Amino acid sequence: MVTAIVIPIICIYFWWLTRKEIKEHDQKWLALKNITHEAVITGEIKDITEEKQRFYYHRYIFIQTLKVQSESKTITAKKITPITKDMKTDQFIVGNKVRFFGCWEGSTFIFNHYETMKQRENFLNPTKR
């Protein structure tokens with residue numbers, strides 16, 4: 001009699017606990033695309049590496065790692081994007097001069113917004129094309 005009551009309660013508790021954990025990880029996964037704009041780096045792209053990684057069970061992230069040559073040193077910059085149905089990847093070209101907006105995480109610069117220097121020049125001087 002006790003097992004007829006206790007076992008379903010234990011199953012429901014662990015189901016509820018699992019659902020709660022999945023919701024927390026989904027929020028963390030979607031929050032990866034919201035990077036604060038604390039710092040700005042400018043430089044020329046020297047190398048590009050792209051990879052897909054598992055974040056949590058059936059959730060994946062797309063990581064683009066760029067080696068950027070600034071005026072003084074080479075910086076590793078990463079763009080982390082959660083893979084969703086409507087995800088669009090950014091196409092970077094080696095040799096382009098780019099300005100990145102993001103924050104530092106150790107010695108790696110994490111960004112989610114960028115602008116190429118050519119776009120910026122067209123914005124500042126719309127008559128030149």
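All values derive from a computational prediction rather than experimental measurement.
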message: Please enumerate all residues that pass side-chain contact (heavy atoms from CB on, under 4.5 Å) together with I63, with sequence neighbours excluded.
response: E51, Q53, I61, T65, K78, I80
Would you give the length of the straight line joining atom [atom1] of [X] to atom [atom2] of [Y], rounded to the nearest 0.5 angstrom?
X   : Y   : atom1 : atom2 : value
L17 : I22 : CG    : CD1   : 10.5 Å
T74 : D47 : OG1   : CG    : 10.5 Å
T36 : N34 : OG1   : CG    : 10.0 Å
I83 : L32 : CD1   : CG    : 11.5 Å

Is [X] linked to [Y] within one hydrophobic cluster, defined over Ile, Leu, Val, Met, Phe, Trp and Tyr using a side-chain heavy-atom separation of less than 4.5 Å?
X    : Y   : result
W29  : Y57 : yes
I93  : I48 : no
I110 : V98 : no

message: Over 60° means perpendicular and under 30° means parallel, so tell me whether F111 and F92 are parallel, tilted or perpendicular.
response: perpendicular
Nearest atoms (heavy-atom pairs only) where [X] meets [Y]:
X   : Y   : value
T42 : R99 : OG1-NE, 3.2 Å
I41 : A77 : CD1-CB, 4.5 Å
T3  : P8  : O-CD, 3.8 Å

- prompt: Just checking, any donor-acceptor pair under 3.5 angstrom between side chains of E50 and Q64?
  reply: yes
Row check, F62 ring normal vs K52 NZ/CZ: under 6.0 Å, within 45°: no
message: Just to verify, what does T76 make a side-chain hydrogen bond (donor to acceptor under 3.5 Å, both in side chains) with, not counting sequence neighbours?
response: K67
message: Show every salt bridge (charged side-chain N to carboxylate O under 4.0 Å, His left out) that has at least one partner inside residues 27-43, sequence neighbours left out.
response: none
- line: For residues 54-65, the salt bridge (charged side-chain N to carboxylate O under 4.0 Å, His left out) pairs (sequence neighbours left out) are D26-R59
query: Is there any side chain to side chain donor-acceptor pair (under 3.5 Å) pair reaching into residues 10-22, and which pairs are they, with sequence neighbours excluded?
result: E21-Y56
Min side-chain heavy-atom separation [X]-[Y] under 4.5 Å:
X    : Y   : value
N112 : H37 : yes
E44  : N96 : no
Y60  : T81 : no

message: Among residues at least two apart in sequence or on other chains, which ones pass ring-ring contact (aromatic ring centres under 6.0 Å, His included) with F109?
response: W104
